[in-house]
Asker: 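Structure provided below as structure tokens; questions to follow.
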Amino acid sequence: MAEEVDSLDIEEFVINKMPPKAFYIPDFISADEEKYLLEQVNGAPRPKWTKLSGRRLQNWGGLPHPKGMVVEKLPSWLETYVNKVGALQVFDGIKPNHVLVNEYKPGQGIMPHEDGPLFYPVVSTINLGSHSFLDFYHPLKKSNSDVLYQSTSSLDDRYFTSVLLEPRSLFLLTGDLYHNYLHGIAERTNDVISERVANLESCKSAVADTLERATRISLTIRNVPKILKFKLNLGR
């Protein structure tokens, strides 16, 4: 991006229409950097990919586990961006040590979820290749704006906003928004821009635009605080 990370005031990128606190930085990386990162992801050895029902992924830095993570050295092509993101004030000097690479084909998504206590409570995502919508929901059995969402509440009832993730952007999720809300990606092939897109004023799209999804790669950069110096025996 044009401005160096160490001189960037992250508060200029806060999304004011969301609970505290999320940040959206458009064009965090250049088109050349995006091309380079896509080449590295797609050139990874086949065993590095794990296939799930709704997408496939790569783990770099180790495999997060409730008992802790055995740290593996990040490749240099990721280390550059881990350092770049880690230099932002939201990490409070704590260096990220894990990158989850997700590939989403058009029509693929992920159910609403919390990232939970396995990670330091900051999620940072660099978006490559295609846009996506990240949808946010009130959780079950927690009070939000004087409304108690019971187990009978549908996802539609609990939905309250979306963030448009454009190619080459960086999205950061922290604070109350990390701890007390769910986020997910609906299984769609296109997205219609509405007034409920919280970061619309920072995006190139306008209300009523329809965006067709292509293959999207996300680099989710986080810190796993609990580190092990020996390998886990995950068998019997």
Side-chain angles (χ1 to χ4, degrees), residues 1-15 20-45 48-50 57-65 68-104 115-132 134 163 165-175 177-178 183 199 202 216-229:
M1 60 186 300
E3 187 174 8
E4 292 298 324
V5 167
D6 57 6
S7 64
L8 184 150
D9 181 2
I10 193 68
E11 292 297 327
E12 293 181 6
F13 300 93
V14 69
I15 305 176
K21 207 172 218 185
F23 306 86
Y24 180 76
I25 306 176
D27 297 315
F28 182 73
I29 61 172
S30 68
D32 286 342
E33 288 177 296
E34 178 185 40
K35 180 182 177 182
Y36 169 74
L37 286 169
L38 287 170
E39 288 172 349
Q40 299 304 311
V41 169
N42 292 323
K48 195 66 183 175
W49 287 102
T50 299
L57 57 83
Q58 301 173 10
N59 274 286
W60 295 94
L63 188 63
H65 188 272
M69 183 177 78
V70 178
V71 175
E72 300 172 357
K73 182 174 174 56
L74 290 166
S76 59
W77 61 272
L78 278 177
E79 187 79 26
T80 298
Y81 295 93
V82 165
N83 291 339
K84 187 174 181 177
V85 170
L88 299 172
Q89 298 100 311
V90 292
F91 275 98
D92 298 321
I94 295 174
K95 182 178 177 180
N97 57 6
H98 181 263
V99 182
L100 181 66
V101 177
N102 278 298
E103 178 192 70
Y104 295 93
D115 281 49
L118 201 61
F119 303 98
Y120 183 77
V122 175
V123 178
S124 55
T125 302
I126 298 174
N127 303 280
L128 309 173
S130 176
H131 86 280
S132 190
L134 190 62
V163 172
L165 305 177
E166 297 171 302
R168 299 181 295 282
S169 67
L170 176 71
F171 177 69
L172 297 138
L173 179 66
T174 73
L177 197 57
Y178 179 97
H183 56 274
N199 64 325
S202 302
R216 170 178 173 258
I217 298 289
S218 64
L219 308 181
T220 298
I221 299 169
R222 294 177 288 200
N223 173 270
V224 180
K226 193 171 182 180
I227 298 302
L228 298 175
K229 298 187 182 298

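Just so you know, these numbers come straight off a predicted model, no measurement behind them.
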Asker: Closer than 3.5 angstrom, by distance alone: can the side chain of Q58 be matched with the main-chain N or O of V41 as a donor-acceptor pair?
Answerer: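 Yes, the answer is positive, given that a donor and an acceptor are paired below the 3.5 Å cut-off.
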Asker: Can you tell me how far the OH atom of Y120 sits from the CD1 atom of I94, to the nearest 0.5 Å?
Answerer: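 The distance works out to 4.0 Å.
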Asker: Given the rule in the side chain to side chain contact (heavy atoms under 4.5 Å, CB included) test, do N97 and I227 qualify, once you have shown the distances and angles that lead to the verdict?
Answerer: CA-CA 10 Å; N97 57 6; I227 298 302; 3.6 Å; yes
Asker: Which distance, rounded to the nearest 0.5 Å, do you find between the CG of L63 and the NE2 of H98?
Answerer: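 If I round to the nearest 0.5 Å, the distance is 7.0 Å.
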Asker: Tell me if a side-chain donor or acceptor on S132 pairs with a main-chain N or O of L165 at a distance below 3.5 Å.
Answerer: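 Not confirmed, S132 side chain does not pair with L165 backbone.
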Asker: Rounded to the nearest 0.5 Å, what separates atom CG in D27 from atom CG in L170?
Answerer: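 One finds 11.5 Å between CG of D27 and CG of L170.
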Asker: Determine, stepwise, if the pair V99 / Y81 fulfils side chain to side chain contact (heavy atoms under 4.5 Å, CB included).
Answerer: CA-CA 10 Å; V99 182; Y81 295 93; over 6 Å; no
Asker: If you look at every heavy atom in Q89 and D9, which pair is closest and at what distance?
Answerer: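 Closest approach of Q89 to D9, heavy atoms only: NE2-CA, 4.2 Å.
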Asker: Is the side chain of E34 donor-acceptor paired with the backbone N or O of G129 at a distance under 3.5 Å, no angle test?
Answerer: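 Side chain of E34 to backbone of G129, a donor-acceptor pair under 3.5 Å: yes, one is there.
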Asker: Taking C-beta and beyond as the side chain, do R222 and D115 meet within less than 4.5 Å on heavy atoms?
Answerer: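 Yes, side chains in contact.
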Asker: Rounded to the nearest 0.5 Å, what's the gap from CG on N199 to CZ on F171? Could you check?
Answerer: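 Going from CG on N199 over to CZ on F171, the span is 7.5 Å.
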Asker: If we ignore hydrogens and angles and just use 3.5 Å, is the side chain of N102 paired with the main-chain N or O of L57 as donor and acceptor?
Answerer: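 A pair under 3.5 Å: no.
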Asker: Rounded to the nearest 0.5 Å, how far apart are NZ of K84 and CD1 of I126?
Answerer: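 Output value for this atom pair is 7.0 Å.
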Asker: Surrounding NZ of K35 (heavy atoms of other residues, nucleotides or ligands, distance under 6.0 Å), is the total greater than 12?
Answerer: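 Not more than 12 within 6.0 Å, no.
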Asker: For residues N59 and P64, report the shortest heavy-atom separation together with the two atoms involved.
Answerer: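 N59 and P64 have their closest heavy atoms at OD1-CD, 3.7 Å.
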Asker: Does any part of the side chain of V163, heavy atoms only, come nearer than 4.5 Å to the side chain of H183, both counted from C-beta?
Answerer: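 Of all side-chain heavy-atom pairs linking V163 with H183, none is under 4.5 Å.
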Asker: Could you check whether any side-chain heavy atom of F23 comes within less than 4.5 Å of a side-chain heavy atom of I15, counting everything from C-beta outward?
Answerer: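 When only atoms from C-beta onward are counted, I15 and F23 do not touch, as no gap falls below 4.5 Å.
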Asker: Quick check against the 3.5 Å criterion: does K73 have a side-chain atom that pairs as donor or acceptor with the backbone of G61?
Answerer: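 No, the answer is negative, given that no donor and acceptor are paired below the 3.5 Å cut-off.
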Asker: Just how far is it from atom CG of L219 to atom CH2 of W60, taken to the nearest 0.5 Å?
Answerer: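 Here the interatomic distance stands at 11.5 Å.
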Asker: Report yes if the side chains of L177 and K21 come closer than 4.5 Å at any heavy-atom pair, otherwise no.
Answerer: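 The answer is no, as the side chains (C-beta and beyond) never meet within the 4.5 Å cut-off.
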Asker: Check for a donor-acceptor pair, side chain of Y36 on one end and backbone N or O of A31 on the other, with a separation under 3.5 Å.
Answerer: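 No.
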Asker: Are L88 and V122 packed together at the side-chain level, in the sense that at least one heavy-atom pair is separated by less than 4.5 angstrom?
Answerer: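 No - every pair of side-chain heavy atoms lies 4.5 Å or more apart.
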Asker: So, for N223 and K95, which heavy atoms are closest and what is the spacing to 0.1 Å?
Answerer: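 Shortest heavy-atom separation between N223 and K95 comes out as ND2-O, 2.8 Å.
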Asker: What heavy-atom pair brings P26 and E166 nearest, and what distance separates the two atoms?
Answerer: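 Smallest interatomic distance, heavy atoms only, reads CB-OE1, 4.3 Å.
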Asker: One pair to check against side chain to side chain contact (heavy atoms under 4.5 Å, CB included): L173 and T125. What are the steps and the verdict?
Answerer: CA-CA 9 Å; L173 179 66; T125 302; over 6 Å; no
Asker: Taking all heavy atoms of P96 and all of V82, pick out the closest pair and write down the distance.
Answerer: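 Distance-wise, the nearest heavy atoms are O-CG1, 3.3 Å.
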